[in-house]
There are 2 protein chains.
Amino acid sequence: MALRVVSRSEPSTAADRCAREILETVPLVMRVVRAEMRRQGALVVSVPQFRALAFVERHPGASLAGVAEHLGVTAPTASTIVDRLVRRRLVGRVPDPAERRRVALTLTPAGGRLFARMRSKARRHVAMRLAGASAADLRKVAGALAVLDRLFREETGIIG
Amino acid sequence: MALRVVSRSEPSTAADRCAREILETVPLVMRVVRAEMRRQGALVVSVPQFRALAFVERHPGASLAGVAEHLGVTAPTASTIVDRLVRRRLVGRVPDPAERRRVALTLTPAGGRLFARMRSKARRHVAMRLAGASAADLRKVAGALAVLDRLFREETGIIG
DNA sequence: CCTAACTATTAGATGACCTAAGTATAAACC
DNA sequence: GGTTTATACTTAGGTCATCTAATAGTTAGG
């Protein structure tokens with residue numbers, strides 16, 4: 001024990017260094033994307049609302065609990081998020097005939113269009129940033145993303 | 001023009017594919033980290049508050065405008081964020097004697113301790129995730145982060 | 001000086017998030 | 001079959017982040 005007191009203040013594992021870099025760069029990327037979207041006035045709905053749209057598009061007839069789990073938020077939070085989407089006619093919410101305590105959520109045509117537009121705009125923003133990268137760099141990034149995805153993907157679910 | 005109508009719906013550039021993956025994985029990583037922090041009760045202050053602490057630690061005597069620019073928010077937003085930190089005795093806010101419309105912000109000892117604790121906790125969380133990666137994977141990730149950092153770093157500043 | 005520019009705050013709004021408490025429906029169990 | 005328990009969602013009340021618009025105090029320029 002007493003022999004391992006050297007430089008406790010500066011962790012030097014490769015994983016530790018990589019962790020610092022992740023906590024530096026990953027939030028930066030998201031902030032820049034969000035900022036560019038906002039600057040263009042392309043943030044027509046909030047980020048959680050957008051994620052809810054994405055989930056409902058992929059899971060037509062989804063329940064509120066499904067949205068809540070996918071967003072990693074509590075049921076009341078999901079309820080109000082969906083409620084704003086419903087009030088803007090982007091999502092339809094009808095009671096499920098088989099399970100009448102459930103609601104079945106669907107994208108309205110307007111909701112589908114808005115979602116597609118926002119998503120392609122975000123992708124175009126990122127792609128424009130990537131225009132300044134070489135093909136080799138792009139391959140590096142893609143490979144690293146696969147690694148990160150694998151490491152962070154598990155346990156998508158409960159947030160508590 | 002009319003000759004380029006093929007598959008407009010599916011962009012296939014390498015940069016486009018990479019952009020899709022970035023928009024998939026990068027938010028995932030951040031959400032997982034935030035969720036783990038919250039689960040451990042380690043989110044003692046909010047993310048913007050934490051970022052404000054980080055800025056003031058690195059720039060003692062910073063002004064409110066400095067915090068606002070670093071956070072990418074408006075002055076009123078920065079004001080309330082700093083205000084909560086001041087009320088919790090994590091940040092000191094005194095009028096700058098030379099420029100009496102400015103305030104000089106500093107970390108209190110408690111603020112410094114709390115910031116250091118939160119940061120190391122976040123790093124440890126990420127490092128634990130990375131424990132399941134090979135050394136080669138870590139090198140890949142680090143290299144990709146450097147690329148992303150370069151591509152997204154510029155234009156840190158104005159958001160509005 | 002006195003106005004123009006700048007720094008910070010206050011006021012008022014929307015939205016995300018939480019916990020706790022309700023309502024309604026389904027399942028389960030005597 | 002009726003009561004109890006569990007499930008799905010909503011409502012109520014609170015904190016925090018965020019915006020724009022308006023305000024107060026300070027400095028600088030003409």
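As a basis for the values below, the full set of heavy atoms in this structure was taken, side chains included, without hydrogen atoms, waters or symmetry mates. Throughout, a chain's letter reflects where its sequence line sits, starting with A, and its residues are numbered from 1.
Comparing D:dT10, C:dT7, D:dC9 by their closest approach to the side chain of B:R102 singles out C:dT7. Closest to the A:V73 side chain, of the nucleotides C:dA8, D:dT18, C:dC17, is C:dC17. Minimum atom distance to the side chain of A:R38 is reached by D:dC19, of the listed D:dC9, C:dT19, D:dC19.
Among the atoms of the strands shown, only primed sugar atoms or phosphate atoms (P, OP1, OP2) are found under 4.0 Å from some heavy atom of A:V103. Residue-level contact check: B:P48 touches the backbone only, with heavy atoms under 4.0 Å from sugar-phosphate atoms and none from bases. Nucleic acid contact class of A:A98 (heavy atoms, under 4.0 Å, all strands): sugar-phosphate only. Here A:T80 lies out of heavy-atom contact (under 4.0 Å) with every strand. Contact annotation for B:R93: backbone-only contact, meaning every heavy-atom pair under 4.0 Å involves sugar-phosphate atoms and none involves a base.
Between B:K121 and B:L43 there is no side-chain heavy-atom pair separated by less than 4.5 Å. Using a 4.5 Å cut-off on side-chain heavy atoms (C-beta onward), A:V32 and A:R129 make contact. With a 4.5 Å cut-off on side-chain heavy atoms, B:T106 and B:V91 do not count as touching.
Using modelled atom types and a 3.5 Å distance limit, the side chains of A:R17 and A:T13 yield no donor-acceptor pair.
Heavy-atom minimum distance, A:A133 versus B:L151: CB-CD1, 3.8 Å.
The interatomic distance linking B:Q49 (CD) with C:dC17 (P) rounds to 16 Å, in whole Å. The nearest whole Å value for the distance from the CG atom in A:L105 to the C1' atom in D:dT10 is 14 Å. The CG-P distance, from B:L64 to D:dG25, rounds to 18 Å in whole Å. Atom CD in A:E69 sits about 16 Å away from atom C1' in D:dC9, given to the nearest Å. As a whole-Å value, the separation of A:R34 CZ from C:dG15 C1' is 14 Å. Rounded to an integer number of Å, the gap from CG of B:L90 to C1' of D:dC16 is 15 Å. Computed from coordinates, the B:E99 CD to D:dA28 P distance equals 6 Å when rounded to whole Å. What separates CG of A:D83 from P of C:dC17 is a distance of 15 Å, to the nearest Å.
The line from CZ of A:F55 to CD of A:E69 is 7.5 Å long, rounded to the nearest 0.5 Å.
Residue-to-nucleotide proximity on DNA chain C shows that, of A:P97 and A:V47, the 5′-proximal contact is made by A:V47.
Under 4.0 angstrom from either OP1 or OP2 of D:dC9 there lies no side-chain N or O belonging to A:S79. Residue A:T74 places at least one side-chain N or O under 4.0 Å from the OP1 or OP2 atom of C:dC18. Contact between the side-chain N/O atoms of A:T77 and the OP1/OP2 oxygens of C:dA16 is not found at any separation under 4.0 Å. Remark: B:R84 is in phosphate contact with D:dC16, judged by side-chain N or O atoms under 4.0 Å from OP1 or OP2. For C:dC6, neither phosphate oxygen OP1 nor OP2 lies less than 4.0 angstrom from any side-chain nitrogen or oxygen of B:R100.
Evaluation of atom-type donor-acceptor distances gives a pair under 3.5 Å for the side chain of A:R101 against the base of D:dT7.
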